[in-house]
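Here's the structure we're looking at; comments come further down.
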Amino acid sequence: MDRLLVSRLMLLLLVCLLVLTNNGLCECPPSSGMLMCLVFISHYFTDIYLMHDGNCFTSGSYFWDNNINAVTEAISCVLPGTNLTTGQWVRVADPDDPVDCDNTNDDPFHCTSVTSPNATLNFYLALGLPAAREGWYKCCLPTICSDPNTNIIFANIFRFAEIESFTVADLPSDMTVYPQEYKLNCTKIGHYGYAISLNIGSTALASHTSCDDRYSPCPGTELVRSSNTVRYTVNITWDGMTVSSGSISQSTTGDQMYQCRVADHPDANAIRIRTVTIKVPATAPSSLTVVNKTATTITVRWDSFDADGYVVNVTSDTDTVQTVQVEGSSNNRLTIEELEVNTTYSITVRAYQQLLGPASTISVFIHCQQEGIYLEHNGNCYSNRSYFWDSSVNVVTEAISCVLPGTSLTTGQWVRVDDPDDDPVDCNNNSDNDPFRCTNVTSLATINLYLAQGLPAAQEGWYKCCLPTDCSDPNTNSIFANIFRFAEIESFTVADFPSDMTVYPQEYKLNCTKIGHYGYGISVNIGSTALASHTTCDDRYSLCPGTELVRSSYTIRYTVNITWDGMTVSSGSISQSTTGDQMYQCVLKVPDQPTRTRNISIKVPATAPSSLTVVNKTATTITVSWTALDSSDADGYVVNVTNDTDNVQTVQVEGSSNNTFRIERLEGGTTYNITVRAYQELLGPASSTISVFTHCQQEGIYLAHNENCYPNRSYFLDSSVNAVTEAISCVLPGASLTTGQWVRVADTDDNPVDCNSNSDNDPFRCTNVTSPDATLNLYLAQGLSADQEGWYKCCLPTDCSDPNTNITFANIFRFAEIESFTVADFPSDMTVYPQEYKLNCVKIGFYLYGIRMSINSIALVNYANCDDRLNNYCSGTALVSSTNTIRYTVAITWNGMTVSNGSISQPTTGDQMYQCVLDNPSSGNDRTRTLTIKVPATAPSSLTVVNKTTTTITVSWTALDLSDADGYVVNVTNDTDTVQTVQLEGSSNNTITLNGLRVLTTYSITVRAYQQLLGPASAISVQTSVINSINWALVSSITQLNSTRYRIDCITTTDIDPSTDVYWLVNGVMMSNSNYSSIDVLTYNNTLLVYPDPLGVSVNVTCIAMIGGVNYSLSVMLHAPSGPPNSVRIFILNATSIKVNWTTSSEANGYVIEYTTGGVTRDLVSTSEDEFLITDLSTMSTYTISVYSYIDLPSVNSTVTVLKFDVPSPVTSLSVSNVSTTSITVNWTIPSSENYVTYYTISYTPSCPQLSSVNETVSVAPHQSTTTYSYTLIGLYSGTNYTITVRAGNVLGASNSSIISAKTSLSSKNILLLV
């Protein structure tokens, strides 16, 4: 189905759906009033459906007999898009007994039918419906129900009332929500009088009697009034054991079976019952077991069984911790995470299907840690070296538990550490020297230690617990606890140490944590200076400013905030100078008790890094180094860099041995102050500061003034360089001054400035610096006259006469000067038109002036009486206030003919010449700058169309010289819009194909050359063609010769009818267009097959398309060569192969070789070479070999060569001549031209038996032009008879012999002897 048809169908479907929606229908076509939609939907949607009273019904729908008892109330069974053949209605209760559409008492129904366009059977009651005939019916279309390929739909036709559906709604998908809630929905349809109940077992969850839908006395929800369709809903709550609805409840186990019962009233003519079952596991998961646990996790498993999944619930003594739903009956293992140590958890698991089943439960305790020894007290876990107040461990129920999970107690013990001999605690007795008692647990190695009497001062301190064996066992596990009287310092630590050492000053905290008795005093000191001191503290009333950590043990943290500036420690208003490591002390004092003291030391370098030195610098970097400190004295260094006004950067260098650092991203011509500090936990003192000056550039000569860097050819106002402190510095980094100098450029003889004296003709003085950087500072020692202003050059390190010196220029001027006159924002995209750019003229110097910018004699902007003191009195932009450097900008628009700025415009052609003029006061010279913008002066010439199709146009023009153009812009417009604009880079790119055009549309095409801007335009008007292209292709092989077939493809627009508007001319003969196809929505492909006849004649094919009474055509020529190839020759190579070669022709594209034997063509091949190898030949056969040439078509005939593929035939016409006494010339005719001869064998045998025969072989070139051959036998005996044999041969062998006899002449000597 093509895209246009699909689009139309989708539009039609949308219309149908809108109408159907407005009619309240959504499942099937309407019964009337929408023929177009009906036709459409019937054609494209084919499912069978039911319809009644204008409504659509699905299979399994219910129909009250009262509602279908007339032909106008029939149930329509419809199958769209089919014709009715033998469709039928069948009562399902009977064994497929069809309904008799002519009703009887046993069959009360009548039917009507519609044959087409949609097979339809209308079904209605013509008589009352007996009880025996109500129930399920099925409709089969378009054939009877016995046809296995028919379409079937079901309908229930009932008397009185029926249960249309009984379903469960809102079953929980999240099984973790408990108890669970859902709904039972029982939908009744039919008679208005009835009773209804919903039950589980014998318990009615809802029961309604004497219902009458005419008056709505029962609490159902009306769904369809015409059929009295009412839904009754019961809300159910399931808690795992009991189903309840309101105040009614029923215990149940396993699947829940519900029943909906509807009884007709008042006569109870029909009782309808429906049931629904909800799947619920009957038993709890068995074998719930802990398979692993850690300090924060418990992994449990259970036996899997038939279920959809499981819900695991975890609770502690106080709360539900988590509930997890595990999907899948086989997923019977779960790890419960994020638990708390030293806690007992209750874990239950329930299986679920549609609802949750009963639960399995286990209780699990989590140790403080799963491995290793630990302490526990009052339900809390404690680590090694924890503190315990004696008053909190003085009963057995408050004992310190020492626990080693996973072991059994053997001989573990508690030992007092202060005893020199580690005397164990006697767990069974207590005394003043041993006030403790113990209890123990064997299976989980545990020893519980508690005080059985008061703890003497001598007995307080550190105790250790060893498990599961005595402390004397080197493999035992040990842990320590401090049991103290009154109060103790639990910890004294440093917090919030700075990790970033570049932040300065440094801040951190001291935390001293006190535990035990509520009454005390506490202080934190450095040396003898108290940074914080609190007396008469009483934790019962929070009198001192500590932070309570644990109320039961009066654990309080005291914090002191410390600031360190490298020399002084301070906290608030208290400060103390210190060097090196900082030693702090926390002191805890309980009245009349021993004082507790803790110390802490913070590592701080005592000395600063020494020998801070510059090892390298550039214009933007400085590299410094210093003497590295030992690793025990430093962890690293901090390098701080400042200039006169700001902190530039601070860098942290890690590692004590990293004592070299490169400071980057600096500015040239700036003095920087650099310090280095070592650090450990804090920063130490700073090194001596070094000052480093960065050059404007590290290599090459430059200018500097007032700590600013200036490039070559900078401008300086005379009043800004008229003191030695305001001199212009000319600097050459890394060089030593020898004979450098300043020279006034305006002097024809480059007369140097006299640095030591000044006059009207030389008002300057100089100072210099010899090394390390050659510097000449130039300043005015008196007023600058008009004759002396202008360009000066500085040469370093030698005089300007030295060709190897370095030179830079500076302009020193009076009043005001034009610093620059430039173009900004030149367009790089030449397709944007008109073009916009800016002229920027920058004025520097005196604050009073006038300024204007113009093209030719037209002022584009003109400002007079400007005064820079008045904050932009003229509309310039201040760049540097100190030098009154102001930029004036003119925004230019160029449309190809006119330059404009606002309302001012000036026509111009070719390069644009602009001028900026600065008008100084009467005593100063005016300044003028000009600039030129390159613009082509002429338009590209000879703009011509070189090709066009239905959607493309190719144009070319005469290319401009490289000096006259950088490229071209081609603009294409139609009557209403700009179609496309293309930029071509390069002056030689003078051809472009414009794509994406519309057929038979007239386009205006303009071409402009561009340099910096666009030049004038050339324009032509071109109409696209009806014919896009014409091409040919060889369909069959060129080796088919007479039967060779060519396909001509002509691409035309779809705006024409190819069957009537396209035809062909083949060598002037008209042919119709019958073969065409659509390529896309824009083009057709028209095809013509051409069979060249006769061969050797070129074929001219023209495609002609007509539109609007005008013919458009394109032609293609199939070329044939003038004749076959010349000089065809054949060479036998071996017993199965020959080679054919010929003279090639410049007009031919290739050649076809045909060879036959016995009247049968053996093969046809083509090649573009000048020879061809033929193999698999049979000897003793004669081959006729023809060679054709071809260009597009084959030649009219061929060069034919006949070859006998065998040994040659015997030579003929054997004769002798030129007989002498010692020689004989033998002559013969070579075999026929079919023979292939490469040599001859000549044998001659003298008649004298004493003389031997002689054989001679003569090689000859194949295909030699002569038909006879002669060979002279020499060195013969006179007067002797010779028998001469000649045989012709080739690689296959030699021919039969040809024989002749001849006698040499007698010599005179022999004649004399004879006489």
Side-chain angles (χ1 to χ4, degrees), residues 295 315-319 339-346 363-370 372-417 424-457 459-468 477-488 490 515-518 539-540 548-556:
T315 60
S316 65
D317 294 339
T318 58
D319 198 9
L339 303 179
E340 294 184 354
V341 297
N342 213 32
T343 305
T344 299
Y345 290 97
S346 177
S363 183
V364 185
F365 177 78
I366 294 187
H367 293 289
C368 294
Q369 54 196 52
Q370 282 308 109
I373 194 168
Y374 68 87
L375 301 174
E376 186 268 333
H377 179 247
N378 283 348
N380 296 313
C381 301
Y382 290 88
S383 59
N384 188 30
R385 309 194 73 82
S386 293
Y387 284 74
F388 299 92
W389 188 15
D390 60 349
S391 64
S392 67
V393 295
N394 56 8
V395 293
V396 67
T397 56
E398 294 182 345
I400 303 169
S401 296
C402 177
V403 185
L404 181 62
T407 61
S408 295
L409 185 65
T410 55
T411 57
Q413 64 184 168
W414 280 93
V415 173
R416 184 164 180 269
V417 176
V425 170
D426 183 354
C427 287
N428 298 316
N429 298 291
N430 58 285
S431 65
D432 289 343
N433 292 328
D434 190 353
F436 292 96
R437 289 282 182 103
C438 314
T439 63
N440 61 54
V441 178
T442 302
S443 60
L444 176 63
T446 304
I447 299 182
N448 304 307
L449 180 72
Y450 65 96
L451 278 166
Q453 66 182 67
L455 180 66
Q459 301 299 317
E460 71 175 350
W462 289 106
Y463 288 77
K464 69 176 176 181
C465 172
C466 302
L467 285 177
N477 298 273
S478 300
I479 194 168
F480 292 83
N482 189 297
I483 304 172
F484 63 90
R485 303 161 66 246
F486 296 98
E488 182 59 273
E490 186 179 61
I515 185 172
H517 197 270
Y518 51 78
D539 295 336
R540 295 172 298 179
E548 183 178 83
L549 302 181
V550 183
R551 172 163 293 186
S552 61
S553 59
Y554 295 124
T555 303
I556 309 294

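Keep in mind that the numbers below use all heavy atoms, side chains included, and drop hydrogens, waters and symmetry copies. Everything quoted here is computed from the prediction, not taken from an experiment.
Residues satisfying the ring-ring contact (aromatic ring centres under 6.0 Å, His included) test with Y518, not counting sequence neighbours, are Y554. With sequence neighbours excluded, the residues that form a salt bridge (Lys or Arg N to Asp or Glu O under 4.0 Å) with D539 are K514. With sequence neighbours excluded, no residue forms a side chain to side chain donor-acceptor pair (under 3.5 Å) with Q369. Among residues two or more places apart in sequence or in another chain, the side chain to side chain donor-acceptor pair (under 3.5 Å) test is passed with N428 by none.
Of the inter-residue distances, the one linking L404 atom CG with I373 atom CD1 reads 5.5 Å to the nearest 0.5 angstrom. Distance check, rounded to the nearest 0.5 Å: CZ of F365 to CG of N342 gives 4.0 Å. Considering CZ of F388 and CD of E398, their distance stands at 12.0 Å, rounded to 0.5 Å.
Residues in residues 377-389 take part in these side chain to side chain donor-acceptor pair (under 3.5 Å) pairs, two or more places apart or across chains: Y387-R598.
Using a 4.5 Å heavy-atom threshold, the side chains of Y463 and I400 count as separate. Inter-residue side-chain proximity for V425 and C438 is flagged as met; some heavy-atom pair is nearer than 4.5 Å.
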Quiz: residues 445-456 side-chain donor-acceptor pairs under 3.5 angstrom, not counting sequence neighbours:
| from | atom 1 | to | atom 2 | distance (Å) |
| --- | --- | --- | --- | --- |
| T446 | OG1 | L444 | O | 2.7 |
| N448 | OD1 | S401 | OG | 2.6 |
| N448 | ND2 | T439 | OG1 | 3.0 |
| Q453 | OE1 | N430 | ND2 | 2.7 |
| Q453 | NE2 | S431 | O | 3.3 |
| Q453 | NE2 | D432 | OD1 | 2.8 |

Review point. Under the side chain to side chain contact (heavy atoms under 4.5 Å, CB included) criterion, do Y374 and H367 qualify, and how do the steps go?
Key: CA-CA 9 Å; Y374 68 87; H367 293 289; 3.0 Å; yes
**Study point:** L467/C402 under side chain to side chain contact (heavy atoms under 4.5 Å, CB included): CA gap, chis, key distance, verdict
**Key:** CA-CA 8 Å; L467 285 177; C402 177; 3.6 Å; yes
